[in-house]
Amino acid sequence: MKWPAIGYLRASSLDDIWRARAEHGDAAQLLAGGQTLLATLAFRLSEPKVLVDITRVAALRGVRVEGGVLRIGSLTRHAELGRDPLVAQHAPLLARAVPLIAHPAIRNRGTIGGSLAYADPAAELPACVVALGARIVALSPQGERRIAAEDFFTGLLSTALTAEEVIAAVEVPLATPASRSVILEVARRSGDYAMAGLAACIGMEGARATSARLVFFGVGSGPVLAARAGAALAGRTLDAAAIAAAQAALNEDLDPPGDMHGPPEMKRHLARVLLQRAIATTHPATEAAA
Amino acid sequence: MSARIDITLTVNGERVSRSVEARRHLIDFLRIDLGLTGSHAGCEHGVCGACTVRVDGEIVRGCLVLAASLDGAEVTTIEGLTDTGEVADLQEAFVARNAAQCGFCSPGMVIAAADILRHHPEASRAEIREHLSGNYCRCTGYQAIVDAVESTLATRREGAR
């Protein structure tokens, strides 16, 4: 369907954004890559009165290492994330996530800030930033604040952002030689949203895991940090017994809703399979054997 | 806020200035305002890929881009790509292998495939399929399309030796 009649404002600066919001209030909707928002307009799932195009706001751009973290500007497009050398070096999980996001033409437009702000429970990047222990930098006319990624996602398509705020950047702790990260998903067709997915960051010391952040997507109302399963792996050699313990712990970590793909028990099954596959990928002994 | 937005951009190498409604997407802009009907509007919500065009050198879904946002941009459509001869061999391979039936998906398919020729000259058959997975063809079953891309890649690699 064609888009409805709508207004358009091109913001060149943060001040332009604040002005547009002051004038139009809730009727104004920020537009970044538009790969979700513009599709929802076609379906009349959202009906903003004015689109505020923020893609030319330089303050929201750029990828750099600053103060011991990797700072990724919110307007960084998925394709840019996938080819950025700093991302590959310091946050390889994000680079690995990119090929799983939709299709090349969409990855050339969609942005990390847009994906996080929309907070689709089956999207890859929200799960990744929680797994990485990243912080979301939220800006408003009052200044900026940092929100831990795991506190940022508050429910279905909901975030901790206030109506005054815009995501400026994501700050990711730098990967270390001991950290392993992996993202896996099961989808019916390439590029579809996942039926279930897992973004995992595991700290390793030899064959032993020192920590494990396992974040599932497509199995809840947002990214789901499987704390019990992670605790079941921490401090242990990642052998079959450890994997079985973590899989068992998933029963309490996850409470997946049924959806068009299948019932909750199918999602639980997929989560167990993904957990086993993820550990096979990150385990150094397995890598050496492969 | 204005109902119409003035934009100046480059389309297939030509400078174009128009005043567009905010609700105008890039494909309607190309087809209705500029008469470039090679780009097709299919699902109009970003799923089918029939509207694939290049903006600033990279492929996008034309139905998920506001024309109003393209002031200063460089747009290339199948017409422009054909005129430059960049994909002449690919188009010949599509014809030779009958990689189209109704032809609705073909412009988007060729532009998406041209992206493989440019960025992934060593692409495997599986990688070709993956790259084209966002472009739907409801007639051919894809085999002939993948064949055409694969053979064009192979011929170009041989030519480069």
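Residue numbering restarts at 1 for every chain, and letters A, B, ... go by the order of the sequence lines.
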Practice item. Say whether, by atom type as modelled, one donor and one acceptor occur between the side chain of A:R61 and the main chain of A:G73 under 3.5 angstrom. Key: no
Exercise for review: Counting only heavy atoms closer than 4.5 Å, note whether B:V55 contacts chain A via side chain, backbone, both or neither.
Suggested key: side chain
Donor-acceptor list for residues 106-119 of chain B side chains, cut-off 3.5 Å, not counting sequence neighbours:
{"from": "B:S106", "atom 1": "OG", "to": "B:G103", "atom 2": "O", "distance (Å)": "3.4"}
{"from": "B:D115", "atom 1": "OD2", "to": "B:H131", "atom 2": "NE2", "distance (Å)": "3.0"}
{"from": "B:R118", "atom 1": "NH2", "to": "B:G57", "atom 2": "O", "distance (Å)": "2.4"}

Practice item. Just grab all the ring-ring contact (aromatic ring centres under 6.0 Å, His included) pairs involving residues 14-39 of chain B, residues at least two apart or on different chains. Key: A:W3-B:H25
Exercise for review: Output the option from A:R10, A:M1, A:K2 having the highest count of non-hydrogen pairs under 4.5 Å with chain B.
Suggested key: A:K2
**Study point:** Part of A:L51 within contact of chain B (heavy atom distance under 4.5 Å)
**Key:** side chain
Practice item. Evaluate the side chain to side chain donor-acceptor pair (under 3.5 Å) criterion for residues A:D53 and A:T55: first the C-alpha distance (whole Å), next the side-chain angles of each, then the deciding distance (0.1 Å), finally the verdict. Key: CA-CA 6 Å; A:D53 181 352; A:T55 54; 2.6 Å; yes
Check your understanding: Taking all atoms of both residues into account, what is the closest heavy-atom pair of A:A20 and A:L9, and its distance?
Key -> CB-CD1, 3.9 Å
Review point. Which pairs with one or both residues in residues 83-105 of chain B pass ring-ring contact (aromatic ring centres under 6.0 Å, His included), sequence neighbours excluded?
Key: B:H40-B:F104
Check your understanding: More than 12 heavy atoms of other residues, nucleotides or ligands under 6.0 Å from CD of A:Q142: is that the case?
Key -> yes
Revision key, fill the gap. Cut-off 4.5 Å, heavy atoms of chain A, and the answer for B:R24 is backbone
Point to revise | Toward chain A, the part of B:D71 with a non-hydrogen atom under 4.5 Å | key: both
Check your understanding: Could A:K49 and A:D26 be called an ion pair, given the rule that one side-chain N must be under 4.0 Å from one carboxylate O?
Key -> no
Review point. Given a strict heavy-atom distance threshold of 4.5 Å, which part of A:L31 is in contact with chain B: side chain, backbone, both, or neither?
Key: side chain
Review point. Chain B heavy atoms under 4.5 Å from A:A42: which part of the residue, side chain, backbone, both or neither?
Key: side chain
Review point. Which of residues 185-192 of chain A get closer than 4.5 angstrom to chain B, counting heavy atoms alone?
Key: A:R189, A:S190
**Study point:** Residue among A:I72, A:I101, A:I167 satisfying side-chain contact (heavy atoms from CB on, under 4.5 Å) with A:I112
**Key:** A:I72
